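The block underneath contains the structure these notes are about, expressed in structure tokens.
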Amino acid sequence: MIDIVLIYAALLALVLLALSLRVVRLRRQHQVGIGTGGVPELGRAVRAHANFCEYVPLALVLLVMIELAGGVPDWVLHGLGAGLVVGRLLHGVGLSGSAGPSRGRIAGTALTWAVLLVAAGIALGLGIAH
């Protein structure tokens, strides 16, 4: 069963939809059919969406595999899942406000990377132990 990761996958799907809707809204507002049309705000929205799509799938695969392997306390999966959701929210908000460094963007990236690093370590340990 993957009851725990299922919750975070659903929450992350909602975040993805929010990022997607932002891109669509900005494309309509600026009449840009594809790409960014040189609109900085749209460029940031596209990158926030793309960055989400680059990191979240592998993180979720790791979390699902860890949950399926068993032997890890539920609180660890909840911590990793919540960290991923918060990290992606922080990054999306931070990048939406500025193309340069921002607290949200830096914190979101660090949190996402921490989740990936810890999940990779746990998965590697579980894989070797089995």
Side-chain angles (χ1 to χ4, degrees):
M1 299 282 292
I2 54 168
D3 298 336
I4 295 172
V5 178
L6 189 60
I7 294 165
Y8 297 103
L11 292 172
L12 288 160
L14 296 174
V15 174
L16 178 61
L17 284 172
L19 292 169
S20 300
L21 288 171
R22 184 164 187 271
V23 170
V24 169
R25 181 184 59 79
L26 288 168
R27 283 201 171 128
R28 285 185 178 168
Q29 177 183 335
H30 296 285
Q31 299 179 355
V32 176
I34 193 165
T36 64
V39 178
E41 184 181 13
L42 178 53
R44 291 191 307 272
V46 167
R47 275 310 309 150
H49 178 268
N51 190 276
F52 184 98
C53 292
E54 292 162 1
Y55 281 99
V56 171
L58 179 57
L60 281 175
V61 166
L62 284 169
L63 294 181
V64 166
M65 299 307 281
I66 290 167
E67 188 166 7
L68 288 173
V72 175
D74 290 354
W75 66 265
V76 171
L77 286 166
H78 281 294
L80 292 170
L84 185 59
V85 171
V86 171
R88 293 292 78 204
L89 284 170
L90 287 171
H91 183 271
V93 170
L95 185 54
S96 295
S98 169
S102 68
R103 287 184 183 152
R105 188 174 178 192
I106 292 167
T109 298
L111 193 50
T112 300
W113 287 2
V115 167
L116 281 167
L117 181 63
V118 171
I122 292 171
L124 189 59
L126 288 170
I128 291 170
H130 284 104

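Predicted model, so just to flag it, every value in this text is computed and none were measured. Nothing fancy with the numbering, it's 1 onward along the sequence.
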Distance check, rounded to the nearest 0.5 Å: [X] atom [atom1] versus [Y] atom [atom2]?
{"X": "Ile122", "Y": "Leu117", "atom1": "CD1", "atom2": "CG", "answer": "10.0 Å"}
{"X": "Leu63", "Y": "Ile2", "atom1": "CG", "atom2": "CD1", "answer": "10.5 Å"}
{"X": "Ile66", "Y": "Leu77", "atom1": "CD1", "atom2": "CG", "answer": "6.5 Å"}
{"X": "Leu89", "Y": "Leu11", "atom1": "CG", "atom2": "CG", "answer": "9.0 Å"}
{"X": "Arg47", "Y": "Arg105", "atom1": "CZ", "atom2": "CZ", "answer": "8.5 Å"}
{"X": "Leu80", "Y": "Leu116", "atom1": "CG", "atom2": "CG", "answer": "9.5 Å"}

Legend entry - Selection residues 58-86 - residue pairs positive for salt bridge (Lys or Arg N to Asp or Glu O under 4.0 Å), sequence neighbours left out: none
Inset, instruction - Only pairs at least two apart or in different chains count here, so list each salt bridge (Lys or Arg N to Asp or Glu O under 4.0 Å) that has a residue in residues 17-42. - result: Arg22-Glu41
Shortest non-hydrogen contact between [X] and [Y], atoms and distance:
{"X": "Val46", "Y": "Gly35", "result": "CG2-O, 4.5 Å"}
{"X": "Leu95", "Y": "Arg44", "result": "O-CD, 3.2 Å"}
{"X": "Leu42", "Y": "Thr36", "result": "CD2-O, 3.4 Å"}
{"X": "Ser96", "Y": "Gly92", "result": "OG-O, 2.6 Å"}
{"X": "Leu62", "Y": "Ala120", "result": "CD1-N, 4.1 Å"}

Among the clusters formed by ILVMFWY side chains lying less than 4.5 Å apart, do [X] and [Y] turn up in the same one?
{"X": "Met65", "Y": "Ile128", "result": "no"}
{"X": "Val15", "Y": "Tyr8", "result": "yes"}
{"X": "Val85", "Y": "Val64", "result": "yes"}
{"X": "Leu16", "Y": "Val115", "result": "yes"}
{"X": "Leu58", "Y": "Phe52", "result": "no"}

Inset, instruction - Report the C-alpha distance between Leu60 and Val5 in whole Å, list the side-chain angles of each, state the deciding distance to 0.1 Å, and finish with yes or no for side-chain contact (heavy atoms from CB on, under 4.5 Å). - result: CA-CA 8 Å; Leu60 281 175; Val5 178; 4.1 Å; yes
Inset, instruction - Answer yes or no: is there a side-chain heavy-atom contact under 4.5 Å between Thr112 and His91? - result: no
Legend entry - Fellow cluster residues of Leu111, listed by chain then number, with links counted only when side-chain atoms sit under 4.5 Å apart: Val86, Leu90
